[in-house]
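All heavy atoms count here, side chains included; hydrogens, waters and symmetry mates do not. Per chain, numbering begins at 1; letters A, B, ... match sequence-line order.
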There are 2 protein chains.
Amino acid sequence: MELTERKKQILKIVVESYIDTAEPLGSKAIAEKMPGKISSATIRNELADLSEMGYLEQPHTSAGRIPSAKGYRLYVNELMERRPLSPEEQAAINDSLRGELRQTEQVVARAGQMAQSLVNYPTYAAADHRSAVTVKRFELLTVDDTSFIAVVMLSDSRVKSQLMTVDLPVEPSALPAMSHLLNTHFTAIPAREMNGKLMGLSDQVVPEWFLVLNRVVDYAGELLQDDGHTQVFTSGASRIMSFPEFRDIDKAQGLMHFMVDNKENLPVPTTDAPMQILIGPENVSDALKESSVVMASYDIGDNMRGLIGVVGPTRMDYATVAARLSYFAESLTRMFGKRELPAKEEEGNP
Amino acid sequence: MELTERKKQILKIVVESYIDTAEPLGSKAIAEKMPGKISSATIRNELADLSEMGYLEQPHTSAGRIPSAKGYRLYVNELMERRPLSPEEQAAINDSLRGELRQTEQVVARAGQMAQSLVNYPTYAAADHRSAVTVKRFELLTVDDTSFIAVVMLSDSRVKSQLMTVDLPVEPSALPAMSHLLNTHFTAIPAREMNGKLMGLSDQVVPEWFLVLNRVVDYAGELLQDDGHTQVFTSGASRIMSFPEFRDIDKAQGLMHFMVDNKENLPVPTTDAPMQILIGPENVSDALKESSVVMASYDIGDNMRGLIGVVGPTRMDYATVAARLSYFAESLTRMFGKRELPAKEEEGNP
DNA sequence: GTTAGCACTCAGGGAAAGCGAGTGCTAAAA
DNA sequence: TTTTAGCACTCGCTTTCCCTGAGTGCTAAC
């Protein structure tokens, strides 16, 4: 059976109406929305075809039609109008971005919050590294006999530090030498090689040194591993309950649990595309089988990619969400994608 | 009217049954649970008294009685059996605590998660400082012409650091001198005095220096202000929806929104007591008027206090929650309350 | 002070009925 | 071959009504 232009048009009407109202749409209502005069009986014939082809479904015999996941997919791929944002909408995004974010660490979390207020669906945000992070530099600072500060500068320009205490007293003068040793042996190598290297040194240094080196290398290993960016932030998760499809408390709980207490398993992009959409059953997690997710990514610095995901019912407003989210992600890249954060601007100056 | 021993006994039975089943309890059922033989008619007379005194209420005329907030309060203050944990329960807590937490920064978040699995109600966790945090020490490390690392050690032993870039190139040899200057003028003073002090120095140093000092002092100010511990973590928030009183989606949404997207406003202890309980309308936030909160705090290091809160319906199992939570908080204090984190123990050794 | 007895209240559940939106099919018209 | 009008049929939803049973308050007797 062929998917005629008219069938597509009908599908588009059904999808957009359902996105708007969450109510099935009947042949008569469709006929009224169609340009030209066509009878509802004709529409019914078309609807029967569309159902047979799998683009539409019926909640029950005497109800109107609603889109199937396949129908949404066609809509997203072909039918949806990818209208760019109006200048006003763009201005709103640029305004909210201006002067807000300063520390790299905060960018991710705030970006998620801003996206949520932009699209009015729950969002989540995370970041990951394009290539492996390594340590760029170590520095040990004296505090007292048994404690010192370890400063670790990472290849992505983050700097982490911690106060450490050891059991045996350490000669303060030894710290620079140890820093040097760390810098020559433990920079620019992946975490998994660190322990081996440390073992290789174990008989060349005195126990006090080894104690210190061990602590510092451990610490660096931790930093590289879960490099602080596996953390996922969600915003506005409870909004999911305002959608009629999640008025059912058990469904709502399932999804809330996933978004709030199981964030780490929210989907991440599987392609390099700037935007990816997962519709209903296309999701791997069971909890999301009745939801859709729109994901966009943006650059942070040279070597990091931020992720923003939008979660909604399958009938979410793909056109609007996609338009706003992609513009937002582009803006973020424009702002944070370069090497370094821009210097703080003077308030109110051009 | 007097609150006789028998009345208290009846109240206790009603509260505990309602905590267990969430169903109102009638005179006949109470009569069966009472020791000795008393007729339901007698119980009815007592119930009428208890209602009149405000300890019990009726959902509707032909239903049994349920406790009022005042009833719960009396129960918590006088009637509840504060049984200590069994050795098995204590062991379970100690086990889960062993070897888990290392970095001070993670203690708070993990403590909340562990508490949630312990009590099986949603929990939240935060920390705050007993007395104001100040900077204990500054350290500036050279990176290149226009960038350097600022390391700031705080009075609570946290160490924070960040890479900074300035517009004018800075003589690397000047950094130690600037560190010295910062250490002499900006340590041990509250954040609000910093800016004034910086202004006082503005005509004594060259512009390049001022640029650097400004950035560092700004950064320190930020650290002291929202000192990274206003952050609130929640665990198991979605569990709230399993309770029958929150099967209503709107109620559930209200509470979820509060716990997930508005965590910062969750209640904090108002007294120094080791444990505080807020019952229903005793809560200030509207969103919590139909819930109860049990809060406990514990020490982290010398100068910080961790907070764990448990959120549940007003009929939450106060006795169990209070017992477990207070033991857990005590254990945490025992473990982290001292000056410094204990050295990492060897696995499997006594 | 306690108890038995009785009339009364009221939420919840189930059955029955009516409504109305929407369908599929048929046969005629274009 | 496509479109249309017409019609019988389906089925979820809502409303109404009734019944049941748990529980109450009150009274009068123990």
Side-chain angles (χ1 to χ4, degrees), chain A residues 1-11 13-15 17-18 20-68 71 244-245 247-248, chain B residues 1-11 13-15 17-18 20-68 71 244-245 247-248:
Chain A
M1 195 167 323
E2 215 200 340
L3 196 60
T4 65
E5 210 43 53
R6 190 169 68 182
K7 285 195 173 60
K8 286 185 186 173
Q9 200 175 7
I10 290 174
L11 180 59
I13 288 175
V14 174
V15 170
S17 160
Y18 191 67
D20 198 36
T21 63
E23 297 288 336
L25 199 62
S27 54
K28 200 170 155 204
I30 296 174
E32 280 161 15
K33 295 200 179 197
M34 288 285 281
K37 264 179 64 184
I38 307 178
S39 83
S40 63
T42 311
I43 301 287
R44 278 202 289 284
N45 290 331
E46 299 282 55
L47 288 179
D49 291 353
L50 283 166
S51 293
E52 199 181 329
M53 287 189 272
Y55 294 110
L56 294 178
E57 353 187 282
Q58 275 181 291
H60 55 265
T61 343
S62 72
R65 300 303 209 288
I66 63 176
S68 66
E245 32 275 274
R247 301 297 295 179
D248 178 275
Chain B
M1 195 168 325
E2 214 201 337
L3 195 59
T4 63
E5 209 44 51
R6 189 168 71 183
K7 286 196 172 61
K8 285 185 186 173
Q9 199 175 7
I10 291 174
L11 179 60
I13 288 175
V14 173
V15 171
S17 160
Y18 191 68
D20 198 37
T21 64
E23 298 287 338
L25 199 61
S27 54
K28 200 170 155 206
I30 297 175
E32 281 161 15
K33 296 200 179 199
M34 289 284 282
K37 266 181 65 185
I38 308 177
S39 84
S40 63
T42 311
I43 300 288
R44 278 202 289 284
N45 289 331
E46 299 281 57
L47 288 178
D49 292 352
L50 282 166
S51 292
E52 199 182 328
M53 288 189 272
Y55 294 110
L56 293 177
E57 0 188 275
Q58 276 180 291
H60 57 264
T61 342
S62 72
R65 300 303 209 288
I66 64 176
S68 67
E245 31 275 276
R247 300 297 295 179
D248 179 274

Quick one: are [X] and [Y] in side-chain contact, heavy atoms under 4.5 Å?
X	Y	result
L56(A)	I66(A)	no
Y55(A)	V14(A)	no
R65(A)	L50(A)	no
P35(B)	Q9(B)	yes

Can you tell me how far [atom2] of [N] sits from [atom1] of [X], to the nearest Å?
X	N	atom1	atom2	answer
I10(A)	dT3(D)	CD1	C1'	13 Å
E2(B)	dG1(C)	CD	P	12 Å
E46(A)	dG22(C)	CD	P	18 Å
L56(A)	dG22(C)	CG	C1'	14 Å
I43(A)	dT3(D)	CD1	P	10 Å

What nitrogen or oxygen pairs link the protein and nucleotides 14-19 of chain C at under 3.5 Å?
none

Worksheet entry | Closest approach of P59(A) to G64(A) (non-hydrogen atoms, all atoms of both residues) | CD-O, 3.4 Å

Worksheet item: What one-letter contact string describes nucleotides 11-30 of chain D from 5' to 3', where B marks a base within less than 4.0 Å of any protein heavy atom, S marks contact via sugar-phosphate atoms alone, and - marks no contact?
Response: BS---------BSBB-----

Worksheet item: So how far is it from I13(A) CD1 to I30(A) CD1, rounded to the nearest 0.5 Å?
Response: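 The CD1 atom of I13(A) sits 7.0 Å away from the CD1 atom of I30(A).
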
Worksheet entry | Reported CD1-to-NZ distance for the pair I38(B) and K33(B), which is rounded to 0.5 angstrom |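 Atom-to-atom, I38(B):CD1 and K33(B):NZ are 15.0 Å apart.
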
Discussion item. I'd like to check the side-chain contact (heavy atoms from CB on, under 4.5 Å) partners of T4(B); sequence neighbours left out, ordered by chain and number.
Written reply: R6(B), K7(B), E46(B)

